[in-house]
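What you see is a predicted model, and the numbers here were worked out from it, not measured in a lab.
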Amino acid sequence: MAAPKRGRSASAQSKPGRSLALILIAIVAMTGGMFASGNKTPRLGIDLAGGTSITLKAKADQGSAINKANMDTAVDIMNRRVNGLGVSEAEVQTQGTDHIIVNIPKGTNSKQAQQQVGTTAKLYFRPVLASEPTGSAASPSPSASPSGSGSPSPSSSASAKEKASSSSSGSPTPTATATSQGRAVTDALKADATPSSSGSPSATSSPSPSASSSGGTAEATKLQAQYAALDCSKPDQRAKAGTNAKPGEPTVACGENKNIWYKYLLGPAAVDGTEVKKAQAVIDTQGAAGWQVQMTFTSSGSKKFADITAELAKKTTPQNEFGIVLDGEVVSSPFVQTAISGGQAEISGSFTQQEAQSLANMLSYGALPLSFKEETVTTVTAALGGEQLHAGLLAGAIGLALVVIYLVAYYRGLSVVAMASLLVSAMLTYVIMSLLGPAIGFALNLPAVCGAIVAIGITADSFIVYFERIRDEIREGRSLRPAVERAWPRARRTILVSDFVSFLAAAVLFIVTVGKVQGFAFTLGLTTVLDVVVVFFFTKPLMTLLARRKFFADGHKWSGLDPKSLGAKPPLRRTRRPAGPAAGSVDPKEA
């Protein structure tokens with residue numbers, strides 16, 4: 001039993017270079033990635049680098065009252081939209097009874113965040129009754145194909161291709177003002193004049209007998225006039241298109257495709273965005289290269305989606321299309337060939353990664369209970385934060401200097417191992433923080449700096465535990481090389497327990513808190529994990545190598561491992577047991 005143990009110890013002791021090479025390669029690779037990405041410094045929080053402050057005022061125009069519950073819900077949704085994992089240091093808080101202040105640190109895409117915080121993200125699936133390009137593209141060439149080339153293949157998901165040919169398929173004739181087009185619009189509106197309160201697609205399947213009533217005809221005529229006069233190439237008309245449209249009534253809307261604006265006449269909503277259970281941005285591997293948003297519907301939404309696609313598949317262009325309407329704008333209008341079931345849908349096309357993730361983000365976190373009006377957008381300076389950072393860094397430098405002085409005075413030669421380990425830990429922390437900025441939006445604020453300073457003590461504590469275990473072994477009379485190996489299992493257990501407690505405290509703090517405290521907790525947890533990595537892959541292998549050097553192995557008085565100064569016992573020796581009584585008279589326990 002003893003021989004294999006000595007063999008394993010010798011094997012581990014003879015290959016410390018592997019661990020040192022591994023951590024060196026990791027540092028070089030991450031440093032190269034940091035320079036290649038152009039993020040050479042950690043992204044700073046709003047208190048250190050300044051940023052943008054947005055003031056939003058709530059409006060009760062969605063049937064919801066402005067109260068504390070709705071304001072708190074809005075703050076929670078906005079915070080999740082712009083703050084992701086809670087480490088980007090964006091701040092969202094209420095001010096008074098009807099205002100919300102959003103502080104976005106410098107380095108964040110403030111324009112995108114500005115759009116996300118106040119966007120209601122109302123998503124509807126509406127059947128398309130008519131569509132055509134507007135502006136300079138209002139007169140397509142006679143050779144334009146009415147069916148389009150963006151038809152999705154029959155599958156378990158709806159592929160919403162953002163292609164001009166698919167969207168322009170709403171005009172069966174080349175001329176937008178042709179009589180046939182006008183009749184098609186009129187017929188479609190008559191067929192849809194009686195809205196379905198449940199949002200069922202059956203409202204567009206056949207003309208209702210009540211559609212000929214004076215009220216329905218008046219509404220149809222008014223909507224037809226709006227559609228005819230709508231020019232989506234003009235921003236002011238786009239902003240007013242479909243204003244205050246109810247889900248259960250037909251409406252007009254605009255949508256952009258390949259830099260061309262199209263106008264749409266849409267039926268009542270068949271599926272509500274609240275019935276989207278999950279949305280995520282993924283790479284489109286089956287269609288054209290690009291990004292798409294995959295959506296999973298709830299059980300009720302899945303049934304409604306299957307019903308609308310089954311109904312639309314029976315119709316001809318453009319009434320076999322459904323418009324995906326987000327906040328009054330048609331983001332895509334695919335046409336359906338067969339009924340699609342399974343509760344899955346995809347919005348794909350010319351999305352960039354940022355656009356797809358932004359859309360998926362808004363859909364995943366739901367709609368705001370209130371609508372908001374942007375009142376002011378101001379730039380926040382970092383003058384006060386800069387002074388505090390200077391004071392914090394000065395305090396950290398003083399603390400680090402005191403730790404180094406203590407290590408040199410008490411451990412002498414061993415302080416070289418401790419300082420080298422601290423340097424490696426600092427390099428890893430800096431590089432990882434720089435990479436986490438663009439990866440997850442991590443921003444370094446003042447509490448996070450405090451967490452990094454606290455980590456110096458945690459890291460130094462791990463070295464001290466190991467060094468004291470080695471010294472204990474030398475006091476027992478062992479030489480340095482076996483002392484290093486025998487001390488490691490005990491020190492390792494103590495270090496892991498200590499770091500686990502620190503990491504557990506950081507994790508709990510991160511989960512139960514919000515705002516800047518999360519930055520402190522995240523940094524503390526990160527540096528605690530790095531402490532384990534450094535001790536296992538750098539400190540222990542380096543100590544194994546130094547134990548082979550004469551300066552440390554012979555116990556030089558400046559090595560910090562001098563047996564005489566440590567009060568070591570004489571070397572352990574085997575002595576012959578003195579002769580005793582006959583074997584038969586020896587007590588079994590003593591034997």
Any chance you could lay out the side-chain hydrogen bond (donor to acceptor under 3.5 Å, both in side chains) test for Ser53 and Asn103, step after step, and finish with the verdict? CA-CA 4 Å; Ser53 180; Asn103 294 322; 2.9 Å; yes
Does Tyr410 have Arg471 sitting over its ring (NZ/CZ under 6.0 Å from centre, angle to axis within 45°)? yes
Exercise: do Lys304 and Ser300 side chains pair donor with acceptor under 3.5 Å: no
Heavy-atom distance under 4.5 Å between the side chains of Thr97 and Met71, does that happen here? no
Do Tyr430 and Pro42 have side-chain heavy atoms sitting under 4.5 Å apart? yes
Checking salt bridge (charged side-chain N to carboxylate O under 4.0 Å, His left out) for the pair Glu485/Lys540: CA distance, chi angles, key distance, verdict? CA-CA 9 Å; Glu485 298 306 319; Lys540 167 57 173 62; 3.4 Å; yes
Interatomic spacing from CZ in Phe125 to CD1 in Ile308 - rounded to 0.5 Å: 10.5 Å
Measure the shortest side-chain to side-chain distance between Val535 and Phe463 over non-hydrogen atoms and say whether it is less than 4.5 angstrom. yes
CD1 on Ile101 to CD on Gln95, rounded to 0.5 Å: 4.0 Å
For a side-chain contact (heavy atoms from CB on, under 4.5 Å) with Arg469, tell me which candidate from Ile464, Thr494, Val484 qualifies. Thr494
For the residue pair Asp461 and Ser498, what are the closest heavy atoms and their distance? OD2-OG, 4.0 Å
Identify the heavy atoms of Phe467 and Ala418 that sit nearest to each other, and give their distance. CE1-CB, 4.0 Å
Under 3.5 Å, is there a donor-acceptor pair between the Thr429 and Thr527 side chains? no
Keeping Glu275 on the side-chain end and Asp272 on the backbone end, is there a donor-acceptor pair under 3.5 Å? yes
How about Asp531 and Ser462: does a side-chain donor come under 3.5 Å of a side-chain acceptor? yes
Run the side chain to side chain contact (heavy atoms under 4.5 Å, CB included) test on Ile432 and Met30 for me, step by step, so that the C-alpha distance in whole Å, both residues' side-chain angles and the decisive distance to 0.1 Å come before the verdict. CA-CA 8 Å; Ile432 291 176; Met30 287 191 293; 4.0 Å; yes
For the atom pair CD1 (Ile458) and CG (Leu530), what is the distance rounded to the nearest 0.5 Å? 11.5 Å
Is there a side chain to side chain contact (heavy atoms under 4.5 Å, CB included) between Glu374 and Ile54? Walk through the geometry before answering. CA-CA 7 Å; Glu374 188 177 282; Ile54 305 171; 4.1 Å; yes
Check Gly255 against Glu329 and note the closest heavy-atom contact, atom names and distance. CA-CG, 4.3 Å
Please list, chain by chain and in numerical order, all residues satisfying side chain to side chain contact (heavy atoms under 4.5 Å, CB included) with Val325, sequence neighbours excluded. Arg126, Leu266, Val330
Note: Phe520 and Val454 closest approach over all heavy atoms is CE1-CG2, 4.5 Å
Worked check of side chain to side chain contact (heavy atoms under 4.5 Å, CB included) between Leu524 and Ser502: CA-CA 8 Å; Leu524 183 61; Ser502 297; 5.7 Å; no
Hey, does the side chain of Glu375 reach the backbone of Thr55 with a donor-acceptor pair shorter than 3.5 angstrom? no
For the atom pair CD1 (Ile27) and CE (Met427), what is the distance rounded to the nearest 0.5 Å? 4.5 Å
Should Arg43 and Leu444 be marked as a side chain to side chain contact (heavy atoms under 4.5 Å, CB included) after you check the CA-CA gap, both sets of side-chain angles, and the distance that decides it? CA-CA 6 Å; Arg43 194 169 68 88; Leu444 189 66; over 6 Å; no
Please verify the inter-ring angle class for Phe297 with Phe305; under 30° counts as parallel, over 60° as perpendicular, anything in between as tilted. parallel
Report yes if some heavy atom in the side chain of Asp307 is under 4.5 Å from a heavy atom in the side chain of Lys303; otherwise report no. yes
If only atom types and distance count, is the side chain of Ser421 paired as donor or acceptor with the main-chain N or O of Val417 below 3.5 Å? yes
Any side-chain heavy-atom pair from His99 and Thr94 closer than 4.5 angstrom? no
Any donor-acceptor N/O pair, Asn67 side chain to Asn70 backbone, under 3.5 Å: yes
Tell me, do Leu526 and Phe503 make a side-chain contact under 4.5 Å, heavy atoms counted? no
Side chain Thr523, main chain Gly519, donor-acceptor under 3.5 Å: yes
State, with a plain yes or no, whether a side-chain heavy atom of Gln93 is found less than 4.5 Å away from one of Val102. no
Please report the shortest heavy-atom distance between Leu20 and Ile23, naming the atom on each side. O-CG2, 3.3 Å
Tyr466 vs Arg492 side-chain heavy atoms within contact, under 4.5 Å: no
Provide the closest heavy-atom pair for Ile283 versus Gln292 in the form atom of the first, atom of the second, distance. O-NE2, 4.4 Å
To the nearest 0.5 Å, atom CD1 of Ile398 lies from atom CG of Leu402 at 7.5 Å
Do Asp499 and Thr528 have side-chain atoms, one donor and one acceptor, less than 3.5 Å apart? no
Approximate separation, where rounding is to 0.5 Å, of Thr544 OG1 and Trp488 CH2: 9.0 Å
